[in-house]
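Input: a single structure, listed below in structure tokens.
Keep in mind the model is a prediction, meaning the values are calculated, not measured. Lettering follows sequence order; numbering is per chain, from 1.
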There are 2 protein chains.
Amino acid sequence: MDKKKRKQLEEKGFRVGSAADFLELTPEEEAYIDIRLDISNMVKSQRSKRGWTQEQLARAIGSSQSRIAKLEGGDPGISMDLMIKALLRLGTSKKQIGKLLEGELEPA
Amino acid sequence: MDKKKRKQLEEKGFRVGSAADFLELTPEEEAYIDIRLDISNMVKSQRSKRGWTQEQLARAIGSSQSRIAKLEGGDPGISMDLMIKALLRLGTSKKQIGKLLEGELEPA
DNA sequence: AACTAATATGTCGAATATGACATAAATAAG
DNA sequence: CTTATTTATGTCATATTCGACATATTAGTT
């Protein structure tokens with residue numbers, strides 16, 4: 001796991017199962033968090049790339065600025081569904097999302 | 001959209017926004033549903049491939065058989081998070097999920 | 001410094017997803 | 001046609017996520 005994701009986990013205090021420490025995550029748990037962080041980071045980069053504010057993106061998908069902030073911060077209390085909706089609204093295609101998860105696309 | 005997905009939408013009566021008919025979906029809405037169906041179909045195929053019952057998969061991720069059935073049926077009331085957790089528990093890698101969304105992997 | 005725009009953080013009731021459980025329907029084997 | 005197994009469907013109380021709103025913090029400008 002890269003430094004950025006590690007940092008996000010530490011700061012957010014991601015809670016998965018009974019593991020108190022992120023070093024004790026199962027491979028599945030780690031992959032799950034990894035995917036979430038990839039997507040949330042892509043939302044942030046794509047939004048910036050388009051010069052949108054969090055407020056603009058929020059309105060565009062019927063959400064609120066605070067939720068976008070939490071989304072981009074890797075908050076565990078944000079669903080993948082909301083993340084995907086945000087990504088799609090930013091013009092990201094299903095194929096691009098696939099590439100991101102494949103590792104062919106730089107998340108930053 | 002292929003026949004299988006179209007059929008799933010019709011049967012499940014997927015509700016998105018105010019569009020009563022799936023033909024009136026925005027591109028984002030359609031892509032969103034498309035992704036969900038891809039993932040749910042992959043769960044079903046991967047589970048069958050491994051010879052697991054829905055009950056077995058459910059226990060493996062701390063869920064219940066009924067939710068796995070709904071998941072595989074494309075029920076809108078199932079989160080992507082649960083779908084991804086199921087996929088990962090079945091041994092599917094992040095990379096494979098990416099390939100699926102990219103279209104390089106056959107969902108069936 | 002002050003002022004402004006953007007982002008982060010926390011909290012609330014409402015909406016949605018959760019596992020559980022029951023039970024129906026399908027599928028398969030004898 | 002039974003019997004057993006698996007999958008589908010519906011309901012319920014609980015848990016989680018939702019948008020909203022307020023407010024804090026940060027970043028940039030003058």
Side-chain angles (χ1 to χ4, degrees), chain A residues 4 7-18 29 32-33 36-37 39-87 89-90, chain B residues 4 7-18 29 32-33 35-37 39-87 89-90 108:
Chain A
K4 187 176 184 182
K7 192 158 175 288
Q8 281 181 298
L9 286 185
E10 288 170 343
E11 288 170 352
K12 287 295 168 182
F14 218 108
R15 287 289 166 271
V16 181
S18 57
E29 288 169 336
Y32 169 68
I33 296 176
R36 286 182 54 103
L37 291 182
I39 298 176
S40 70
N41 285 333
M42 194 180 195
V43 168
K44 183 163 192 168
S45 64
Q46 288 290 303
R47 181 181 61 81
S48 299
K49 187 180 174 186
R50 285 165 211 284
W52 285 20
T53 65
Q54 292 180 342
E55 177 67 26
Q56 285 177 307
L57 173 56
R59 296 297 177 102
I61 62 172
S63 185
S64 56
Q65 179 268 328
S66 60
R67 293 205 76 75
I68 302 299
K70 286 160 190 165
L71 189 165
E72 295 182 355
D75 191 307
I78 300 290
S79 72
M80 275 201 189
D81 297 79
L82 188 64
M83 296 195 242
I84 295 297
K85 283 177 185 171
L87 259 191
R89 192 61 185 77
L90 285 165
Chain B
K4 187 176 183 181
K7 191 159 175 287
Q8 282 182 297
L9 286 185
E10 289 170 342
E11 289 170 351
K12 288 294 167 181
F14 217 107
R15 287 288 166 271
V16 180
S18 58
E29 289 170 335
Y32 170 68
I33 296 176
I35 290 173
R36 287 183 53 102
L37 291 182
I39 298 176
S40 70
N41 286 332
M42 193 179 195
V43 169
K44 184 164 192 167
S45 64
Q46 289 289 305
R47 180 182 60 80
S48 298
K49 187 180 172 185
R50 283 171 165 64
W52 287 19
T53 65
Q54 292 181 342
E55 176 68 25
Q56 284 176 307
L57 174 56
R59 296 297 177 102
I61 62 173
S63 185
S64 55
Q65 179 268 328
S66 61
R67 294 205 75 76
I68 302 298
K70 286 159 189 166
L71 189 165
E72 294 182 355
D75 189 309
I78 300 290
S79 72
M80 274 202 190
D81 296 81
L82 188 64
M83 296 195 243
I84 295 297
K85 283 177 186 173
L87 259 192
R89 193 60 185 76
L90 285 165

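Counting heavy atoms of neighbouring residues, nucleotides and ligands inside a 6.0 Å radius, atom CZ of A:Arg50 exceeds 12 of them.
Nearer the 5' end of DNA chain D, as judged by each residue's closest nucleotide, is the contact made by B:Ser48, out of B:Ser48 and B:Asp81.
Atoms CG and CG, from A:Leu90 and A:Leu57 in turn, are 5.0 Å apart once rounded to the nearest 0.5 Å.
Within the 4.5 Å cutoff, no side-chain heavy atoms of B:Met80 are placed close to those of A:Met83. Looking only at side-chain heavy atoms (C-beta outward), A:Arg59 and A:Gln56 stay at 4.5 Å or farther from each other.
Taking atom CD on B:Gln54 and atom C1' on C:dA25, their separation rounds to 13 Å, with Å as the unit. Rounded to an integer number of Å, the gap from B:Leu71 CG to C:dT18 P is 9 Å. To the nearest angstrom, P of C:dA8 lies 13 Å from CD of A:Glu55. The separation between B:Ile68 atom CD1 and C:dT18 atom C1' is 12 Å, rounded to whole Å. For the pair B:Ile78 CD1 and D:dG10 P, the computed distance is 14 Å after rounding to whole Å. Atom CG in A:Leu57 sits roughly 14 Å away from atom C1' in C:dA6 (whole-Å rounding). We find that CG of A:Asp75 is positioned 14 Å from C1' of D:dG19, with the value rounded to whole Å. For the pair B:Glu72 CD and D:dA8 P, the interatomic distance rounds to 6 Å; values are reported in whole Å.
The heavy-atom pair separating B:Asp75 from B:Gly77 by the smallest distance is OD1-N, 2.6 Å.
Between the side chain of A:Arg36 and the backbone N or O of A:Ile78, at least one donor-acceptor pair lies under 3.5 Å.
A:Leu82 comes within 4.0 angstrom of the backbone, heavy atoms only, and of no base. Across all strands shown, A:Arg47 has heavy atoms under 4.0 Å from sugar-phosphate atoms exclusively, and none from any base.
None of B:Glu55, B:Gln54, B:Lys70 except one satisfies the side-chain hydrogen bond (donor to acceptor under 3.5 Å, both in side chains) rule with B:Gln65; the exception is B:Gln54.
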Tabulate atom names and distances for all N/O pairs under 3.5 angstrom spanning the protein and nucleotides 20-24 of chain D.
unit_1, atom_1, unit_2, atom_2, d
D:dA20, OP2, A:Ser63, O, 3.4
D:dA20, N7, A:Ser64, OG, 3.3
D:dA20, N6, A:Ser66, OG, 3.4
D:dC21, N4, A:Ser66, OG, 2.7

